Amino acid sequence: SYTAYTAGGGLMQTLDDPPPPLAADVAMNIMQAKLAAENLCVASSNILDLIRTLRLSALLMDEEAIRAEEKEEALKVCEMGLQAEEECAALEAKLIELRNNESLGR
């Protein structure tokens with residue numbers, strides 16, 4: 001059995017054992033690495049949720065834009081219909097006037 005004191009003040013039982021301060025550092029580093037890996041997983045999950053939210057927002061915005069375009073087109077068609085009715089009424093009035101003038105002229 002080999003016993004030696006380390007520079008950190010810990011007692012080494014065998015040559016294969018790391019000195020106690022080094023063992024504590026290794027354990028701390030392992031724990032920090034696990035914590036960092038968990039933090040990366042949480043961050044990745046949060047990013048994926050954000051991407052899903054942004055995609056949904058984009059889809060909803062597209063739907064709203066489509067509805068706005070459809071509404072605008074419907075208004076244009078309605079205006080064109082009103083103009084056509086006005087033109088038709090004006091043409092009918094002219095036709096009636098021409099017929100009346102013809103019937104008076106005979």
Side-chain angles (χ1 to χ4, degrees):
S1 158
Y2 174 81
T3 302
Y5 291 97
T6 63
L11 184 64
M12 291 176 52
Q13 299 297 324
T14 66
L15 289 175
D16 294 331
D17 289 341
L22 180 60
D25 287 343
V26 169
M28 180 65 81
N29 288 340
I30 290 171
M31 186 181 301
Q32 287 174 343
K34 286 181 183 180
L35 184 60
E38 289 176 7
N39 286 340
L40 287 173
C41 289
V42 169
S44 297
S45 176
N46 289 340
I47 288 173
L48 290 174
D49 285 342
L50 180 61
I51 289 170
R52 277 188 225 109
T53 302
L54 290 173
R55 284 183 177 170
L56 180 60
S57 295
L59 288 174
L60 291 175
M61 286 170 46
D62 286 345
E63 184 177 332
E64 290 175 11
I66 289 169
R67 285 184 186 168
E69 284 181 13
E70 288 175 348
K71 190 174 184 178
E72 186 178 330
E73 289 294 321
L75 289 174
K76 285 180 184 178
V77 168
C78 186
E79 289 175 3
M80 289 171 56
L82 291 174
Q83 285 178 344
E85 284 180 23
E86 291 173 359
E87 290 174 4
C88 184
L91 289 172
E92 284 179 327
K94 284 182 183 180
L95 180 61
I96 291 172
E97 184 181 333
L98 289 172
R99 285 184 182 167
N100 286 340
N101 288 341
E102 277 183 18
S103 63
L104 290 176
R106 284 187 188 177

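The first residue in the sequence is number 1, and the count goes up from there. It should be emphasised that the depicted structure is a prediction, and the values quoted were computed from it without experimental measurement. In what follows, every heavy atom counts, from backbone to side chain, and hydrogens, waters and symmetry copies are set aside.
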Please list every donor-acceptor pair under 3.5 Å in which a side-chain atom of residues 29-44 meets a protein atom from a residue at least two apart or in another chain.
| residue | atom | partner | partner atom | Å |
| --- | --- | --- | --- | --- |
| Asn29 | ND2 | Asp25 | O | 3.3 |
| Asn39 | ND2 | Leu35 | O | 3.4 |
| Ser44 | OG | Leu40 | O | 2.9 |

(message) So, using side chain to side chain donor-acceptor pair (under 3.5 Å) as the criterion, who are the partners of Arg52 when residues are at least two apart?
(response)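 Side chain to side chain donor-acceptor pair (under 3.5 Å) check on Arg52 returns Asp49.
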(message) With a 4.5 Å cut-off on side-chain heavy atoms, are Ile47 and Ile51 touching?
(response)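 Yes. Closest side-chain heavy atoms under 4.5 Å.
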Name every donor-acceptor pair, under 3.5 Å, that has one atom in a side chain of residues 66-84 and the other anywhere in the protein, sequence neighbours excluded.
| residue | atom | partner | partner atom | Å |
| --- | --- | --- | --- | --- |
| Arg67 | NH2 | Glu63 | OE2 | 2.5 |

(request) Could you identify which residues cluster with Leu56, counting Ile, Leu, Val, Met, Phe, Trp and Tyr as linked when any side-chain heavy atoms lie under 4.5 Å apart, either directly or through a chain of such contacts? (result) Leu60
(request) Please round to the nearest 0.5 Å and tell me the distance separating atom CG of Asn101 and atom CD1 of Ile96. (result) 12.0 Å
(request) Could you list all the salt bridge (charged side-chain N to carboxylate O under 4.0 Å, His left out) pairs where at least one residue sits in residues 85-99, not counting sequence neighbours? (result) none
